[in-house]
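Only one structure is covered here, and it is reproduced in the block below.
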Amino acid sequence: MNRVCEILGTEYPIIQGAMARIATAELAGAVSNGGGLGIIAAGGAPVEWVKEQIDKCRAITDKPFGVNIMLLADNVDELVDLLIEEKVAVVTTGAGNPGKYIPRFKEAGIKVIPVVANVTLAKRVQRAGADAIVAEGCEAGGHIGETTTMAMIPQMVDALDIPVIAAGGIADGRGLAAAYMLGAEGVQVGTRFLVAEECIVSQPYKEMVLKAKDSSTVATGRFTGHPVRVLKNKLSRQMLELEKTQDLEEFERLGTGALSRAVLQGDVEHGSVMSGQVAGLVNKEQPAAEIIREMFEEAEKIYDARAAVVKER
Ligand code: TUI
């Protein structure tokens, strides 16, 4: 059995990306029912809301699922207490170093899988006791690091003993197979699950992903130290304009409530439409379970067909 499946308690070594405001119990439950690991994104939401989502997810699925903690949120300590009390199966983290929380999760029997974007932080969380890491390349949507998935995965694999789960730029069986070739033992997929039938994101957001092409995303806010990849729209153009003056106050004003505007209200011109570079590969709304099955079937076919390329001379 695959080391990642063993840690996650899943049939397939695939984690659904934690998309703030978007990854609710509906999507997480559907992904877990489909044999992957569904994730509820706590984002900056109140602890009570997260508790409701956990209850809801447990009503949708008997299978394991996880909760993601965004470490820039101001209620992280409270959230950690909740997740320990609820004994969720897996915790993933983003946008920081979760090191100081890892011992308490481990004591509670919770698997911890930090999402990281560089080898230095990956080594640090391995030392702190992480069970695996998600190595997220800058092709990913949302808050990103500097390095691509292609360059990062083998460097992570060389530097770590714990399993590496690849993220950023993976939306079909080809990306999945490629991640394995680089040494990953699992994948995390966000953008393709945005258009899952069970995903509650607004229809205009889904349509924008479905219509996107290779050059449709851009990273905004590099000068803030927290670059974020989004689909290009009026808001991203305004934000890029602010890079010239580096007006942080105005940047933050523009960003306030921007994700909700796109996710809940469907305003994809003035809202933040976070998405990975693979949006151009995502062309069909379908059930989460079908996405998982298709990806692994396609990857298997590739292995069978391409083995000849390296074996036959
Ligand atoms: O965290 C993510 N993706 C996210 S978080 C998010 S919410 C947000 N919105 C606006 C600004 C910032 C966050 C949307 N998408 N992925 C994992 C990830 N972690 N990507 C990059 C990092 C990261 C970057 C620098 C983690 C730590 C870090 O510096 C700390 C260190 O010690 O290296």
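Fair warning: this is a prediction, and the values are worked out from it, not measured in the lab. Note that ligands are numbered from 1 as they come in the structure, with each ligand's atoms numbered from 1 the same way. All values below come from the heavy atoms of this structure, side chains included, with hydrogens, waters and symmetry mates left out.
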Checking a contact table here: which protein heavy atom is nearest atom 1 (O) of ligand 1, and how many Å away?
A95 N, 3.1 Å

Has ligand 1 got any nitrogen or oxygen that is less than 3.5 angstrom from a nitrogen or oxygen of N97?
no

Per-atom filter on ligand 1: closer than 4.0 angstrom to a heavy atom of G142 are 14 (C), 15 (N)

Result of checking V91, V88, T92 against I39 for side chain to side chain contact (heavy atoms under 4.5 Å, CB included):
T92

Salt bridge (charged side-chain N to carboxylate O under 4.0 Å, His left out) with D172: which residues, sequence neighbours excluded?
R174

At less than 4.0 angstrom from any non-hydrogen atom of V228, what atoms of ligand 1 do you find?
10 (C), 11 (C)

At under 4.0 Å between heavy atoms, is it the side chain or the backbone of N118 that contacts ligand 1, or both, or neither?
side chain

Where is the nearest protein heavy atom to atom 16 (N) of ligand 1: which residue, which atom, and how far?
E136 OE1, 2.9 Å

Closest non-hydrogen protein atom to atom 9 (N) of ligand 1, residue and atom name please, with distance?
M274 CE, 4.1 Å

Side-chain contact, heavy-atom cut-off 4.5 Å: P13 with Y180?
yes

Less than 4.0 angstrom from a charged side-chain N to a carboxylate O is my criterion; do E243 and R222 meet it?
no

Is there a protein heavy atom at a distance of less than 4.0 Å from atom 29 (O) of ligand 1?
no

Closer than 4.0 angstrom, basic N to acidic O: yes or no for E6 and R3?
no

When you compare ligand 1 with L121, is there at least one nitrogen or oxygen pair between them that comes in under 3.5 angstrom?
no

Options H226, E146, Q188, M70, ranked by nearest heavy atom to atom 8 (C) of ligand 1, top entry:
M70

Check the hydrophobic clustering (I, L, V, M, F, W, Y; side-chain heavy atoms under 4.5 Å; chains of links allowed) and say if V119 and I165 are grouped together.
no

What part of A20, side chain, backbone, both or neither, has a heavy atom within less than 4.0 angstrom of ligand 1?
neither

Take D131 and I162 through the side chain to side chain contact (heavy atoms under 4.5 Å, CB included) test and state the conclusion after the steps.
CA-CA 6 Å; D131 293 281; I162 55 176; over 6 Å; no

Let's go through E241 and E250 carefully: what are the C-alpha distance in whole Å and the side-chain angles of both, what is the deciding distance for side chain to side chain contact (heavy atoms under 4.5 Å, CB included) to 0.1 Å, and is it a yes or a no?
CA-CA 11 Å; E241 202 51 40; E250 177 63 6; over 6 Å; no

Within reach of ligand 1, part of L259 (heavy-atom separation under 4.0 Å):
neither

Quick one: which ligand 1 atoms are inside 4.0 Å of a heavy atom on G94?
1 (O)

How far is atom 26 (C) of ligand 1 from its nearest protein heavy atom, and which residue and atom name does that atom have?
G96 N, 3.4 Å

Can you tell whether the side chains of E139 and R229 come within less than 4.0 Å, N to carboxylate O?
no

Counting only nitrogen or oxygen atoms and a 3.5 angstrom limit, does H143 reach ligand 1?
yes

I want to check something: taking the side chain as every heavy atom from C-beta on, are K206 and V201 in contact at a cut-off of under 4.5 Å?
yes

Within-shell test, L72 vs ligand 1, heavy atom, strictly < 4.0 Å:
yes

